[in-house]
Amino acid sequence: MPIARLADLADPAECPRLVVKVGSSLLVGPEGVRREWLAGLVGEIAVARARGQDVIVVSSGSIALGAARLGLDKGGRGSLADAQAAAAVGQIALSALWAELLAAHRLTAAQLLLTLDDLEDRRRYLNATATLTRLLDAGAVPVVNENDSVATQEIRFGDNDRLAARVAQAAQASAVLLLSDVDGLYDRNPADPAARRLTEVHGITADIHAMADGGSGSGLGSGGMTSKLQAAEIAERAGIVLGIANGTAERPLARATCEEIGTLFLPRAARRGKAAARKAWLGGRLRLKGALTVDSGAAQALAGGSSLLAKGITAVDGAFVRGDAVTIRDASGAVVAHGLVEYDAAECTRLMGRHTREHAELLGYAPRPAIVHRDQLVLL
Ligand code: GLU
């Protein structure tokens with residue numbers, strides 16, 4: 001049975017591997033670290049582990065914690081330099097805390113600090129997969145955060161919601177639970193008395209996006225509902241269930257799974273197998289090297305499962321090389337697919353709009369008939 005309700009996230013048979021993301025506002029309160037609360041959560045993780053469930057933690061809080069220790073204003077988010085310094089100070093305290101509290105349950109904490117590129121580059125992504133798998137097999141509890149002290153704006157996730165979804169993908173988890181200070185996704189601003197929480201979402205449509213107001217309650221984290229929906233999209237494409245629940249109260253996992261207060265995003269279909277995993281990685285890519293714009297005929301052909309041929313390309317943007325991931329847009333600019341391109345940008349520019357049989361004459365060589373082969377392409 002696939003996961004259908006928040007309660008299923010506590011069931012190791014339905015959800016053998018769970019990623020739990022803990023938001024900054026839960027870990028750090030006005031008085032500093034919320035140690036008692038965290039000890040409660042760690043107790044719940046120990047119970048889950050004892051039931052036979054693998055748990056990976058994605059823990060925010062390094063910037064908030066470091067800012068408090070260094071006395072930086074704006075929660076350490078006033079500038080990139082502040083955030084980096086705060087993270088360096090906060091992360092060491094954060095990992096010590098996780099290690100200590102997990103050790104009280106005889107669990108070994110394992111710290112992984114990742115940057116965006118660690119998960120965007122296929123080889124590095126597979127390395128992260130191997131490390132996470134080995135750690136879980138060895139019985140450790142991975143505690144993951146972004147490596148905020150070295151990540152600069154262009155190479156940052158910037159929020160741990162999307163990081164958690166990518167980690168869930170890399171670890172082949174069944175589900176990811178985002179614990180923050182909101183109860184879930186509401187159909188309008190939650191401050192509005194008429195607002196209603198959605199319990200389940202099947203497919204993230206434009207209407208669903210319109211419901212997210214983009215503001216996080218505490219101002220401590222950088223997520224907000226927008227990044228949670230982006231995370232849900234990454235998970236959805238990977239066939240992974242994503243839950244959003246309020247973790248503020250004691251025993252947050254029990255509250256989310258027993259009382260079922262939250263929103264569950266259900267993927268349309270579980271994706272299994274090597275080719276599907278690769279396509280999920282490609283679909284979840286956040287930084288692409290360039291873009292190909294296609295005409296309506298090519299967009300239709302792609303939707304029907306065909307490769308992208310040069311004939312249907314109307315514009316080439318970016319400085320990509322063969323093997324890079326690119327966005328494929330339709331004439332209106334909407335992103336229709338991600339794909340690994342078979343030719344460099346300059347070659348694509350020469351080939352666009354031209355029939356495959358002309359390629360050899362145009363380039364002097366033509367080893368590959370498609371610009372993006374259908375096996376290297378994922379529709380979005
Ligand atoms: N990586 C950041 C931290 O540890 C948190 C990012 C977020 O707020 O989602 O402080």
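Here the structure is a predicted model, which is why all the values come from computation and not from measurement. Start at 1 and go down the list; that is how both ligands and their atoms are numbered.
Distances below 4.0 Å separate heavy atoms of Ser60 from the following atoms of ligand 1: 4 (O), 5 (C), 7 (C), 9 (O).
At least one N/O-N/O distance between Asp148 and ligand 1 falls below 3.5 Å. By the 3.5 Å distance cut-off applied to N or O atoms, Gly61 is counted among the residues near ligand 1. Polar contact check, Asn160 against ligand 1: a nitrogen or oxygen pair lies under 3.5 Å apart. Note: no N/O pair closer than 3.5 Å links Asp161 and ligand 1 by distance alone. For a threshold of 3.5 Å applied to N or O pairs, the pair formed by Ile63 and ligand 1 contains at least one separation below that value.
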Problem set entry | Full working for salt bridge (charged side-chain N to carboxylate O under 4.0 Å, His left out) between Arg35 and Glu100 | CA-CA 11 Å; Arg35 196 187 158 89; Glu100 182 201 329; 2.4 Å; yes
Problem set entry | Steps toward side chain to side chain donor-acceptor pair (under 3.5 Å) verdict (Asn246, Thr248) | CA-CA 6 Å; Asn246 192 327; Thr248 319; 2.4 Å; yes
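No hydrogens or angles considered: nothing links the side chains of Asp117 and Thr115 as a donor-acceptor pair under 3.5 Å.
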Please tabulate, for side-chain N and O atoms in residues 294-305, each donor-acceptor pair with protein atoms closer than 3.5 Å (sequence neighbours left out).
unit_1 : atom_1 : unit_2 : atom_2 : d
Asp295 : OD1    : Gly297 : N      : 3.3
Asp295 : OD1    : Ala298 : N      : 2.8

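In this structure, Leu70 shares a hydrophobic cluster with Leu72, Val89, the cluster being traced through Ile, Leu, Val, Met, Phe, Trp and Tyr side chains under 4.5 angstrom apart.
Between Glu250 and Trp37, some side-chain heavy-atom pair lies under the 4.5 Å cut-off.
Residue contacts with ligand 1, taken as heavy atom pairs separated by less than 4.0 Å, involve Arg77 solely via side-chain atoms from C-beta onward. When non-hydrogen atoms are compared, ligand 1 lies under 4.0 Å from the side chain of Asn145 (C-beta onward) but not from its backbone.
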